[in-house]
Each structure stands twice: as structure tokens, then as C-alpha cells.
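Note that the structure is a prediction, hence the values are computed from the model and not measured.
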Number of protein chains: 2
Amino acid sequence: MRKQSSTNLENEMLINGNCDMAYTLDLIGGRWKPSILWRLAYGAMRYSDLRRSLPAVSERILILQLREMESDGLISRKVYPEVPPRVEYQLTDLGKSLEPVINILTDWGAENRPGSDKKRVRCPVLTIK
Amino acid sequence: MRKQSSTNLENEMLINGNCDMAYTLDLIGGRWKPSILWRLAYGAMRYSDLRRSLPAVSERILILQLREMESDGLISRKVYPEVPPRVEYQLTDLGKSLEPVINILTDWGAENRPGSDKKRVRCPVLTIK
DNA sequence: TCAAGTACTAACATAAATGTAAGTTATGCG
DNA sequence: CGCATAACTTACATTTATGTTAGTACTTGA
């Protein structure tokens with residue numbers, strides 16, 4: 001939970017409320033958000049598949065990141081009243097509008113990341129562990 | 001100081017080492033980095049001017065952000081052996097190559113930030129305090 | 001001599017982000 | 001009944017990011 005007042009929070013609000021670049025970064029800057037965005041860019045995914053595709057993230061954190069993106073309007077959550085439950089996540093129009101942003105961030109990284117093969121790697125991070 | 005090993009660090013390395021988008025975000029994602037980038041985009045600045053233009057950031061944090069950007073190769077630090085000392089910071093070629101990235105992040109924010117006047121605000125954050 | 005300016009550093013303190021492990025609800029299946 | 005599955009939640013623990021305060025070295029100008 002966040003403090004109601006602190007210099008830290010005040011500065012964050014000051015910046016995100018006045019700097020367009022910082023505002024955008026704030027929405028996409030979580031540890032697992034790029035990976036989530038890249039996955040949903042190809043279409044809706046249910047929670048269990050998202051999770052299986054990201055073995056390194058814990059459930060709590062994955063849910064946290066999804067909830068933040070949902071409350072920021074980047075993704076939507078659709079519950080199917082079945083048993084066992086099914087929940088699908090997908091990009092909203094706002095989320096889809098990030099496409100050029102994602103592409104240019106990816107291109108710059110592909111060009112400059114040490115060890116990059118310059119082939120625009122789309123946040124794999126699905127192996128290991 | 002960072003731990004030598006922790007899941008947190010491992011995950012960070014896993015992601016930044018495999019996801020181009022995350023790598024880029026990592027370089028520009030610090031609290032004050034967008035503000036610094038926007039300022040240096042107009043040319044070199046000395047430390048004291050940078051600091052005066054950002055009254056809300058403490059010296060320690062400003063230095064930390066500058067040092068990180070320097071070690072990431074985005075800015076360079078030039079010391080003039082004068083009295084009183086003069087230190088100038090400026091974008092490197094790598095830093096300058098971020099221009100389209102910065103522009104698109106700013107444009108998306110200008111378009112979607114609540115309360116935005118859609119006029120591409122360039123990380124002012126120089127008033128207050 | 002004393003204050004002021006410059007570009008810091010050090011020691012300390014707090015806030016926020018991320019991670020771990022176990023538990024929950026509901027139902028179908030053998 | 002007992003186990004499995006899906007999509008979580010809860011309580012707790014750790015790591016990292018950010019912030020505060022005071023102090024440094026050097027020299028010039030009053």
C-alpha cells in the first residue's frame with residue numbers, strides 16, 4: 001500500500017502530472033509489463049496461458065501487473081462463468097494504440113542492447129526455471 | 001548496493017538480457033531521467049544549472065541518475081579544471097539516438113495523459129518547491 | 001577572516017517494488 | 001470421498017529505489 005504523503009509520492013505525481021514522456025513510461029514500466037504487452041499483441045490470452053508463458057513470475061506479481069494495466073485502461077479482463085473458471089485478458093483500444101511505442105522501444109533495444117542480434121526480440125523470457 | 005544474487009536481480013537480468021523493449025525502458029526509466037534527457041536535448045548543461053532546473057530532486061539522487069546514464073553511455077561528463085569547478089553534461093551519440101523514442105513516448109503521453117493539453121509537454125517540472 | 005559558490009560524497013532513513021509460500025472457492029470426475 | 005483445475009488472495013519477507021541531512025575541498029571576493 002502506498003503512503004498518503006511522502007516526498008517520493010509527491011515527486012512521482014509532480015512528474016507524471018507534468019511530463020508526457022514520464023507518464024507513458026509509468027504505464028508500461030513494470031517489470032513484467034513489456035512481456036505481457038508483447039504476448040497480448042498477438043491476441044487475447046487466458047490467465048493460465050499467460051502464466052505458463054512466463055514461468056519466472058510469481059502469481060501474485062503477475063496478477064498485480066495485470067491489475068495495474070487494467071486500471072490504467074491498457075488491457076481488459078473478461079470472466080467466463082464456467083467451471084473451472086476462465087479469464088481472458090486482451091488489449092483495449094488504448095493498449096493497441098501503444099503499438100508504435102512498443103515497436104520503437106524494441107527497435108532501439110535491438111539496435112543497442114549488448115549481445116543483441118538486432119532482430120527485434122519480442123520479450124521471450126519464457127524459458128528458464 | 002545491489003545483492004549479488006536474488007530472484008529479483010535474476011529476473012531483471014533475464015528480462016533485460018532477452019527483451020529489447022525492457023532493455024530500452026531500463027535505461028530511460030529512472031524517476032528523473034526523462035527530465036534530464038529533455039533538458040540535455042537542447043544542448044550541454046552544467047551541473048548547477050541542471051539542478052536549479054529541477055528544484056524537487058535532491059543532489060544525491062540527481063547525481064545517481066546522472067551517473068547511471070553516464071555508465072549506460074547516454075550522456076557524457078566533462079570536467080573543466082577551473083575554480084570554481086565546472087562540470088558539463090551532454091548527450092552522447094547514443095543518447096541523441098534516443099530522440100525518436102523520446103518523441104513517441106511524449107506524443108503518446110500528450111495524447112492520453114489525463115489533463116493533458118495535447119501539446120507535448122517536455123518534462124517541465126521546474127516550478128514548485 | 002568570513003561568507004559564498006561549485007560539484008560533489010557519506011551516513012542514514014524511508015518508501016515502493018518485487019518475491020515466497022500457503023490457502024481459497026467452486027465444481028467435475030473417478 | 002478425494003483429487004484435480006483455474007484463477008486467484010493473504011500474510012509475510014526481501015530487495016531496490018528514492019529521499020534527508022550534513023559535510024567536503026577549493027578558491028575568490030567583501
Side-chain angles (χ1 to χ4, degrees), chain A residues 1-16 22 25-33 35-36 45-70 77-89 125 129, chain B residues 1-16 22 25-36 44-70 77-89 125 129:
Chain A
M1 197 133 63
R2 308 198 61 157
K3 286 297 288 282
Q4 289 305 296
S5 90
S6 66
T7 303
N8 193 318
L9 179 58
E10 275 165 34
N11 283 344
E12 185 187 326
M13 294 193 310
L14 173 66
I15 289 181
N16 291 340
L25 286 173
D26 191 49
L27 296 197
I28 61 181
R31 166 84 38 101
W32 303 96
K33 289 181 185 176
S35 303
I36 294 169
M45 277 182 87
R46 58 188 299 185
Y47 174 76
S48 54
D49 292 328
L50 214 37
R51 194 162 85 76
R52 263 189 291 273
S53 82
L54 291 167
V57 63
S58 68
E59 303 217 50
R60 187 178 111 80
I61 301 298
L62 178 53
I63 291 282
L64 269 183
Q65 304 266 306
L66 289 168
R67 292 280 187 278
E68 281 180 20
M69 294 172 78
E70 191 192 357
R77 176 174 178 272
K78 194 167 176 184
V79 183
Y80 295 85
E82 305 170 357
V83 171
R86 180 157 64 104
V87 176
E88 280 194 354
Y89 291 92
V125 188
K129 188 171 186 180
Chain B
M1 197 137 57
R2 307 198 62 158
K3 286 295 291 281
Q4 290 303 296
S5 90
S6 67
T7 302
N8 194 320
L9 179 57
E10 276 164 33
N11 283 345
E12 185 187 327
M13 293 193 311
L14 172 65
I15 289 182
N16 291 341
L25 286 173
D26 191 49
L27 296 197
I28 62 181
R31 165 84 39 101
W32 303 95
K33 289 181 185 176
S35 302
I36 295 169
M45 278 181 85
R46 57 187 301 184
Y47 174 75
S48 55
D49 292 328
L50 213 38
R51 193 161 86 75
R52 263 189 289 274
S53 81
L54 291 167
V57 63
S58 67
E59 303 219 50
R60 185 178 112 80
I61 300 298
L62 179 54
I63 291 281
L64 268 184
Q65 304 267 307
L66 289 169
R67 292 280 188 278
E68 281 180 21
M69 294 172 79
E70 191 191 358
R77 176 173 177 274
K78 195 167 175 185
V79 183
Y80 295 84
E82 308 171 355
V83 170
R86 180 157 64 104
V87 176
E88 280 194 353
Y89 291 92
V125 190
K129 187 172 187 179

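- If you check every strand for non-hydrogen atoms under 4.0 Å, B:Q65 touches sugar and phosphate atoms only.
- Rounded to whole Å, the distance from OH on B:Y89 to C1' on C:dC8 is 8 Å.
- Taking atom CD1 of residue A:I63 and atom P of nucleotide C:dT18, one finds them 15 Å apart after rounding to whole Å.
- In terms of the side-chain hydrogen bond (donor to acceptor under 3.5 Å, both in side chains) criterion, residue partners of B:R86 (sequence neighbours excluded) are, by chain and number, B:E82, B:E88.
- Out of D:dA6, D:dG19, D:dT16, the shortest distance to the side chain of B:S58 is found at D:dG19.
- When the nearest nucleotides of DNA chain C are assigned to B:R67 and A:G30 by heavy-atom distance, the more 5′-ward of the two goes with B:R67.
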For this session: Let me see the working for A:N11 and B:W32 under side chain to side chain contact (heavy atoms under 4.5 Å, CB included), right down to the final yes or no.
Result: CA-CA 9 Å; A:N11 283 344; B:W32 303 95; 3.5 Å; yes

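- Phosphate proximity of C:dG19 to B:N11: present, with a side-chain N or O under 4.0 Å from OP1 or OP2.
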For this session: For A:V87 and A:R46, run side chain to side chain contact (heavy atoms under 4.5 Å, CB included): C-alpha distance rounded to whole Å, both residues' side-chain angles, the deciding distance at 0.1 Å, then the answer.
Result: CA-CA 5 Å; A:V87 176; A:R46 58 188 299 185; 6.0 Å; no

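- At least one side-chain nitrogen or oxygen of B:S6 sits closer than 4.0 Å to the OP1 or OP2 atom of D:dT16.
- Taking atom CD of residue A:E10 and atom P of nucleotide C:dA15, one finds them 12 Å apart after rounding to whole Å.
- Protein atom NZ of A:K78 is 15 Å distant from nucleotide atom P of D:dA7, rounded to whole Å.
- Scanning for side-chain hydrogen bond (donor to acceptor under 3.5 Å, both in side chains) contacts around A:E68 gives A:K33, with sequence neighbours left out.
- For B:R77 and C:dC8, the shortest distance from a side-chain N or O to OP1 or OP2 is below 4.0 Å.
- The nearest pair of heavy atoms linking B:N16 to B:A22 is OD1-O, 3.5 Å.
- The side-chain contact (heavy atoms from CB on, under 4.5 Å) check on A:R60 picks up A:S58, A:L64, with sequence neighbours excluded.
- Tested against A:R67 for a side chain to side chain contact (heavy atoms under 4.5 Å, CB included), the candidates A:E70, A:Q65, A:M69 yield a single pass: A:E70.
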Seminar exercise, completed: Going 5' to 3' through nucleotides 22-30 of chain D and flagging B where a protein heavy-atom sits under 4.0 Å of the base, S where only the sugar-phosphate is that close, and - otherwise, we get -----S---

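- Taking atom CD1 of B:I61 as the reference point, atom P of C:dT9 lies 13 Å away to the nearest angstrom.
- The rotation axes computed at either terminus of the helix from C:dT1-D:dA30 to C:dG30-D:dC1 lie 20° apart, taking five pairs at each end and rounding to 10 degrees.
- In this structure the side chain of B:V79 reaches within 4.5 angstrom of the side chain of B:R77, judged on heavy atoms.
- Applying the 4.0 Å criterion to OP1 and OP2 of D:dA6, one finds that A:R46 has every side-chain N and O outside that range.
- Within the nucleic acid shown, A:Y80 has no heavy atom closer than 4.0 Å to any nucleic acid atom.
- Considering only side-chain atoms of A:Y47, the nucleotide from D:dA7, D:dT20, C:dA16 that sits closest is D:dA7.
- Here the P atom of nucleotide C:dA15 and the CD atom of A:E12 are 14 Å apart, to the nearest Å.
- Under 3.5 Å, the side chain of B:R60 and the base of C:dT9 form no donor-acceptor pair of N or O atoms.
- Regarding A:R51, its CZ atom lies at a distance of 10 Å from the C1' atom of D:dC8, rounded to whole Å.
- Across all strands shown, A:S48 has heavy atoms under 4.0 Å from sugar-phosphate atoms exclusively, and none from any base.
- For B:V87, counting side-chain heavy atoms from C-beta on, the closest listed nucleotide (C:dC8, D:dA7, D:dT18) is C:dC8.
- Every residue two or more places apart in sequence or in another chain that forms a side-chain contact (heavy atoms from CB on, under 4.5 Å) with B:R51 is listed here: B:Y47, B:E59, B:L62.
- Side-chain nitrogen and oxygen atoms of A:T7 include at least one within less than 4.0 Å of the OP1 or OP2 phosphate oxygen of D:dT20.
- Distance B:L9 CG to C:dT20 P: 13 Å, rounded to the nearest Å.
- The shortest distance between side-chain heavy atoms of B:P34 and A:L25 falls below 4.5 Å.
- Judged by distance alone, with hydrogens and angles left aside, the side-chain atoms of B:R31 form a donor-acceptor pair with the main-chain N or O of A:N8 at under 3.5 Å.
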